[in-house]
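Just so it is clear, the structure is predicted and the values come from calculations on it, not from any experiment.
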Amino acid sequence: MALIPVEPGMVATIVTHLEMLDRPRPAPIPAAPLRLVRWKTPDPDAYRTLFRRVGEPWLWFSRLVMPDAMLRAIIHHPDVEVYAVTDPRGAEVGLLELDFRSAPDCELSFFGLAPGLTGKGFGQWLMAQAKSLAWRKGVDRFWVHTCTLDSPAALGFYIKAGFVPYAREVETFADPRLAGVLPRDAAPHVPLLDQPAA
């Protein structure tokens with residue numbers, strides 16, 4: 001067994017890749033007081049606002065630091081579908097993003113609900129929506145990755161939904177809280193290590 005030091009200012013996480021190779025049998029979508037709204041050409045600022053709302057507790061930052069042109073090239077691509085989850089008042093409280101650019105694969109790029117909605121069964125509703133939208137003609141594989149920065153329930157949730165783990169990696173990156181991309185109190189379950197050990 002070997003321990004690999006992580007430099008101050010860096011974050012390390014274990015990434016698990018999962019895939020679904022068989023189209024699920026049709027099943028009813030669970031009832032929920034939420035709606036899924038397709039964003040055909042999302043404004044980058046509106047997209048980032050929702051991305052931050054959903055992902056800040058889990059240190060999602062990739063789309064926050066991406067230049068507008070690069071972000072637009074992804075979220076406006078005809079083979080990328082972005083959906084906002086809205087509550088009964090119309091507030092945007094979740095994000096679903098499906099990437100068909102590497103057909104016959106479909107990647108579940110981003111999937112999440114804002115704090116306060118997790119743990120209430122709404123994730124099952126959103127996953128049912130995701131599977132219904134992803135498995136279309138020509139799709140042979142639906143895949144996703146999650147990491148140890150995510151909710152402790154995430155990996156089990158994906159497995160229960162029918163995804164099978166097939167690979168694992170260790171990823172390190174500069175802590176986005178130190179650069180001011182996310183507030184210092186984001187993701188309190190991930191210690192902020194910005195000083196060398198004494």
Does the side chain of [Y] come within less than 4.5 Å of [X]'s, by heavy atoms?
{"X": "Arg63", "Y": "Tyr47", "answer": "yes"}
{"X": "Val15", "Y": "Arg168", "answer": "no"}
{"X": "Leu34", "Y": "Val93", "answer": "yes"}
{"X": "Leu59", "Y": "Leu182", "answer": "yes"}
{"X": "Val85", "Y": "Gln129", "answer": "no"}
{"X": "Pro165", "Y": "Ile159", "answer": "yes"}
{"X": "Met127", "Y": "Phe157", "answer": "yes"}
{"X": "Phe163", "Y": "Val144", "answer": "yes"}

ILVMFWY cluster, [X] and [Y] together (side-chain gap under 4.5 Å):
{"X": "Phe61", "Y": "Val6", "value": "no"}
{"X": "Leu64", "Y": "Leu149", "value": "yes"}
{"X": "Phe173", "Y": "Val65", "value": "yes"}
{"X": "Leu117", "Y": "Val54", "value": "no"}
{"X": "Val37", "Y": "Leu95", "value": "yes"}

Please check this pair: side chain of [X] against backbone of [Y], looking for a donor-acceptor N/O pair closer than 3.5 Å.
{"X": "Lys131", "Y": "Leu126", "value": "no"}
{"X": "Arg101", "Y": "Val80", "value": "no"}
{"X": "His145", "Y": "Leu18", "value": "no"}
{"X": "Ser132", "Y": "Ala128", "value": "no"}

*Carboxylate-amine/guanidinium contact Glu81 Arg136, below 4.0 Å*: yes
Can you see which heavy atom on [X] is nearest to which on [Y], and at what distance?
{"X": "Leu96", "Y": "Leu133", "answer": "CD2-CD1, 4.1 Å"}
{"X": "Ala134", "Y": "Leu98", "answer": "N-CD1, 4.1 Å"}
{"X": "Ile75", "Y": "Pro42", "answer": "O-CD, 3.6 Å"}
{"X": "Phe142", "Y": "Glu107", "answer": "CE1-C, 4.4 Å"}
{"X": "Asp99", "Y": "Ser109", "answer": "CB-OG, 3.4 Å"}
{"X": "Arg23", "Y": "Val139", "answer": "NH2-O, 3.8 Å"}

_Derivation and outcome, salt bridge (Lys or Arg N to Asp or Glu O under 4.0 Å), residues Arg48 and Asp68_ = CA-CA 10 Å; Arg48 287 191 185 104; Asp68 279 359; 2.7 Å; yes
_For the CZ atom on Arg35, are there more than 12 heavy atoms of other groups (residues, nucleotides or ligands in this structure) within a distance under 6.0 Å?_
no
*asked:* Does atom CE (Met70) have a neighbourhood of more than 12 heavy atoms from anything else shown, all under 6.0 Å?
replied: no
Enter the distance from [X]:[atom1] to [Y]:[atom2] here, rounded to the nearest 0.5 Å.
{"X": "Cys106", "Y": "Asp79", "atom1": "SG", "atom2": "CG", "answer": "10.5 Å"}
{"X": "Lys40", "Y": "Tyr83", "atom1": "NZ", "atom2": "OH", "answer": "9.0 Å"}
{"X": "Asp87", "Y": "Phe122", "atom1": "CG", "atom2": "CZ", "answer": "9.5 Å"}
{"X": "Thr49", "Y": "Asp45", "atom1": "OG1", "atom2": "CG", "answer": "6.5 Å"}
{"X": "Asp150", "Y": "Thr13", "atom1": "CG", "atom2": "OG1", "answer": "8.5 Å"}
{"X": "His17", "Y": "Tyr158", "atom1": "NE2", "atom2": "OH", "answer": "13.0 Å"}

*Residues that Glu92 engages under side chain to side chain contact (heavy atoms under 4.5 Å, CB included), provided they are two or more places apart*: Trp39, Leu50, Arg53, Ala84, Thr86
_Parallel, tilted or perpendicular, judged at 30° and 60°: which one describes the rings of His189 and Trp58?_
perpendicular
_Polar side chain donor-acceptor pair, Thr16 to Thr146, under 3.5 angstrom_ = no
*asked:* Under the rule for salt bridge (Lys or Arg N to Asp or Glu O under 4.0 Å), what residues qualify as partners of Arg72, not counting sequence neighbours?
replied: none
*Under 6.0 Å between the ring centres of Phe110 and Trp60?*
yes
_Steps toward side-chain contact (heavy atoms from CB on, under 4.5 Å) verdict (Leu192, Asp185)_ = CA-CA 9 Å; Leu192 185 62; Asp185 62 354; over 6 Å; no
_By the salt bridge (charged side-chain N to carboxylate O under 4.0 Å, His left out) test, which pairs, at least two apart or in different chains, include something from residues 138-147?_
Glu19-Arg141, Asp105-Arg141
